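Remember, predicted model here, so these are calculated numbers, not experimental data.
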Amino acid sequence: MTSHVHHVTVDCADAYELATFWAQALGSSLSDEDFPGDPEALVETPGTALLFVTVPEPKSTKNRVHFDVQPDDRTRDEEVERLLALGATLVGDHRKPNGRGWATLADPEGNEFCVECSARERAELTGTRLPVTAADVTSSVRLAVAALKEAPADNWHSPAGTLSWTCWETVEHLSDDLFAYAAQLGPQSPPLDGEVPFHWSPRREGGPSNAIFADPAAGTAGLLQVLEASGAMLAAMVAATAPDVRSYHGFGISDAEGFAAMGIVETLVHTHDLAEGLGLDWTPPAELCDRVLARLFPDAPDDSDRWTVLLWSTGRAELPGRARVSSWKWHGAPPADAPQS
């Protein structure tokens, strides 16, 4: 049996006021049950929530425990300025031009916390590869589902682009891929010599061999819900799996980041196939394409549009000045496992 951290609790002079600051700082919200003057207030954040409790004792020394904050959609310096405008104060500045270091701030009651660069900003400043994350898996699947929801209901049994499968079958295949990648990371000791032995079979001759199928009676809304659920399973397993865990894939042993990148590539390129069959527009974010190319196709050209390069790398598009790819595979092995020259 194990325990988990349910709340991080902060003693303070005014629970509601300090919780309001932190809700604004974290882009979150207070519990609907909390009001000014209450002796405690809860800031609901992903993972572990923050509970602020009013106590009579004043703060008297430096915190033994503090928060490290990373911005999601702005630079470290921009975030420092935003937090100062909310009522924080600058206590110490240890920022370095290469993205390392931090700024130490204090909240309105003097509790110290630090602001660091996001992984994205640090990668840009140092010229290193930005990792593929569980959040990227979630983003890619949600973008795909949002695009596919626009498809007419009567087109789902037409071919998906150049594939021999129907659009319905292609979504089932994609869902199955995401589920299978999650499953490879699931066992306490993931297999290194084969796939987790689910039973895969086609519904019809020539159709994809899946373990996952959608109930036809649920219609396309149910089909897309299966896709979203499979993506959520992969994202959850990627987030929960330690970086040193390895598992089998037909193209080579990989890690959680590798399976995340594989799931994203499957999502992006099969949504391309589906968009062709369903008459939809589909162009995923260039930065997402760039991250999975860097992880799985490190030798891909870096001088062209990233989405076109990903389509070219998977045999789906022409690239000026280069032969069309007719047979391809990605490089799933973790960079840390590559032989040292």
Quiz item: Do side-chain atoms of D14 reach the backbone of E17 as a donor and acceptor pair under 3.5 angstrom?
Solution: yes
Quiz item: According to the interplanar angle, ranging from 0 to 90°, do the rings of F251 and W330 count as parallel (below 30°), tilted (30 to 60°) or perpendicular (above 60°)?
Solution: perpendicular
Quiz item: Near R142 CZ, under 6.0 Å, is it more than 12 heavy atoms from other residues, nucleotides or ligands?
Solution: no
Quiz prompt | E79/R76 ion pair, N-O < 4.0 Å | solution = no
Quiz prompt | Minimum heavy-atom distance between L310 and F297, given as atom pair plus value | solution = CD1-CE1, 4.1 Å
Quiz item: When hydrophobic residues are tied together by side-chain contacts of less than 4.5 Å, even through go-betweens, does L293 share a cluster with V325?
Solution: yes
Quiz item: Do the side chain of N98 and the main chain of R100 share a donor and acceptor less than 3.5 angstrom apart?
Solution: yes
Quiz item: Should the heavy atoms of other residues, nucleotides or ligands under 6.0 Å from CD of Q225 be counted, would the total exceed 12?
Solution: no
Exercise. Please check if atom CG in D68 has more than 12 non-hydrogen atoms from other residues, nucleotides or ligands closer than 6.0 Å.
Key: yes
Practice problem: Please determine if R203 and E172 form a salt bridge, counting it only when a charged side-chain N lies under 4.0 Å from a carboxylate O. | Solution: yes
Practice problem: Could you pull out the closest heavy-atom pair between Q184 and P190, with the gap in Å? | Solution: O-CB, 3.4 Å
Quiz prompt | Pair D255 + R295, salt bridge at N-O below 4.0 Å | solution = yes
Quiz item: Would you say the ring centroid of F113 lies under 6.0 angstrom from that of W22?
Solution: yes
Quiz prompt | Salt bridge flag under 4.0 Å for residues E287 and R120 | solution = yes
Quiz prompt | Note: K59-D11 ion pair, threshold 4.0 Å (strictly below) | solution = no
Exercise. Give a yes or no on whether the backbone of A135 and the side-chain of S139 come within a donor-acceptor separation of less than 3.5 Å.
Key: no
Self-check item: From CA spacing to verdict: side chain to side chain donor-acceptor pair (under 3.5 Å), W200, D176
Solution: CA-CA 9 Å; W200 279 277; D176 192 79; 2.7 Å; yes
Quiz prompt | H173 vs W168, ring-ring contact (aromatic ring centres under 6.0 Å, His included): CA-CA, chis, key distance, verdict | solution = CA-CA 9 Å; H173 165 76; W168 181 286; over 10 Å; no
Quiz item: With respect to R246, which candidate in L185, T241, D337 satisfies the side-chain contact (heavy atoms from CB on, under 4.5 Å) definition?
Solution: D337
Quiz item: Looking only at atom types and distance, does a side-chain atom of D38 sit under 3.5 Å from a main-chain N or O of F35, one as donor and one as acceptor?
Solution: yes
Exercise. Would you check if the side chain of R64 reaches a backbone N or O of K62 as a donor-acceptor pair within less than 3.5 Å?
Key: no
Quiz item: For the residue pair F179 and F198, is the inter-centroid distance of their aromatic rings smaller than 6.0 Å?
Solution: yes
Quiz item: Would you call R129 and E257 a salt bridge, taking side-chain N to carboxylate O under 4.0 Å as the test?
Solution: yes
Exercise. Kindly say whether the aromatic ring centers of H94 and W102 come within a distance under 6.0 Å.
Key: yes
Quiz item: Between the side chain of E169 and the main-chain N/O of P208, is any donor-acceptor distance below 3.5 Å?
Solution: no
Quiz item: Quick one: does N63's side chain have a donor or acceptor within less than 3.5 Å of a partner on H66's backbone?
Solution: no
Quiz prompt | Side-chain (S230) to main-chain (S175) donor-acceptor, under 3.5 angstrom | solution = yes
Exercise. For atom CG of D32, decide whether the heavy atoms of other residues, nucleotides or ligands shown that lie under 6.0 angstrom number more than 12.
Key: no
Quiz item: With no hydrogens and no angle check, do the side chains of E266 and Y181 hold a donor and an acceptor under 3.5 Å apart?
Solution: yes
